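Since we're looking at a predicted model, the values are computed, not measured. For ligands, and for the atoms within them, numbers begin at 1 and follow the listed sequence. Nothing fancy with the numbering, it's 1 onward along the sequence.
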Amino acid sequence: MIIPKSVSEIIELLEREGFEAYVVGGCVRDSIMGIPAHDYDIATSALPSDTKRVFGFCKVVETGIKHGTVTVLYKGSCVEITTFRIDGDYLDGRHPQNVEFSGNLYDDLSRRDFTINGIAYSHTRGFSDPFGGARDILSKTIRCIGDPEKRFSEDALRILRALRFSAVLGFEIEERTKAALIAHKSDIRRVSRERVFSELKRLLCGKYAEGVITEFAEVLSEIIPELKAEIGYDQGSKYHNRTLLEHTAAAVGAASEEIRLRLAMLYHDIGKPLCRTTDENGECHYYDHANISAKIADESLRALKCDNELRESVCEIIKYHDMPIEPTEKFVRRQLSRRGYGLFCDIIRAEIADNSAKIPKAAERIPMLKETLSLAGKINSEQPGLSLHKLAINGNDLKSFIPPSPVMGEILSKLLEEVADETVENEKAALIARAREIYKSK
Ligand code: ATP
Ligand code: MG
């Protein structure tokens, strides 16, 4: 296994002082899979106080001292070094009551979640893989270390971690592990929303998210209860040949792996079951479902402690995900002035993902949507960031003849559209004259 020089030097320094030290967890798994590791965690028999002493010559931060973790800043890299440990009893389904340090690597690997994450390696001692993690990596299997029932009841976040690894790596969850995670799904409610949301985001951005959402919708409904109504839901529409859940999962999978878009696709139709009507031909319609879905997403993302910026952009995309699109300069200019470049492009990307998840006929719209997207790029590069603050006047310039009222905002927006359409020049006198005209006609 290839380890960065700084990391192998840290291991050597600990070994020279008589301790055992290994790289463990995600970096070993990724390296066996041939994926570049993003960080290297070290496990050692040294106690945190020993580690601090060995690295007395560098900066050492006590990042998780309760769990035996210190972070060493060595030759420009930050490396977490954790003492081998045994986790005490889990009484709350989230955290061990206490942790006990151990001198034994096997103990430390036993407390880890899945076999694929329970492998250690060092240049001098080679691989230590007591639970068959390498075999499971080769057969693409996620399997709990030890008794799955016990492991999920200890820490229900592991349920979502299993789904996340499956969505990111494309691994199957082994049958006993799968049965136990389903049986314990309601325990997810005991886990902090922040930890849940962090795993959900990674799951959604996985290359294999579609399959995981489809297979484990019951589990995800513990986090987003409205998702449950999508399971097996027949949309009664000639544009769809899948259930609402299958369509949603396919739309998530079709969107680029960016969290804004993936979340938007997850929630984009979630309000549909609440606003179904059936016409005389038996065709179902879902008027206003975009707004209702955006509202559900807003509440759900608040509950998940999503940051405001992400929540707001996701809800805006959902709100407009089925708006009519025209591949014309006029339309695109207006949209850019109304919504801004970023949001407008996201809306079109969402429509592309949505249409890729319907009947093949719907996909015929995709070239037109792509054309609109490139038109937006072209206009934006010529006239970047056309928005109210780029207008050559503001409310102050109009207040001598327009009293403060919502009309002021409407007039400014109208002026912006006209500048975008190039029917009025973005110049102070011209804009004031035009504002007077609009105000008079109101
Ligand atoms: P990545 O860094 O790509 O998310 P990872 O496997 O390194 O993957 P981390 O969250 O960084 O995941 O955790 C490091 C290691 O700690 C894991 O590989 C696993 O061995 C162990 N681990 C993490 N979370 C848990 C948990 N909830 N229960 C048991 N072991 C865990
Ligand atoms: Mg990691």
Discussion item. Strictly distance-based, threshold 3.5 Å: is any side-chain N or O of Thr115 a donor or acceptor partner for the main-chain N or O of Ile145?
Written reply: no
Worksheet item: Is there a salt bridge (charged side-chain N to carboxylate O under 4.0 Å, His left out) between Glu199 and Arg202 once you walk through the steps?
Response: CA-CA 5 Å; Glu199 289 299 331; Arg202 297 184 70 177; 5.2 Å; no
Item to complete: Measure up the His321 and His268 rings against each other and bin them: parallel (under 30°), tilted (30 to 60°), perpendicular (over 60°).
Response: perpendicular
Practice prompt. Write out the protein residues near ligand 1, meaning a non-hydrogen atom under 4.0 Å from one of its atoms, in order of chain and number.
Written response: Gly25, Gly26, Arg29, His38, Asp41, Arg111, Arg112, Asp113, Asn117, Asp155, Arg158, Arg161, Arg164, Phe165, Arg202
Discussion item. If the threshold is 4.0 Å, N to carboxylate O, is there a salt bridge linking Glu100 and Arg111?
Written reply: no
Worksheet item: Would you call Lys330-Glu326 a salt bridge at under 4.0 Å N-O?
Response: no
Practice prompt. May I ask you to check if Arg158 and Tyr90 form a cation-pi contact, with NZ or CZ under 6.0 angstrom from the six-membered ring centre and within 45° of the axis?
Written response: yes
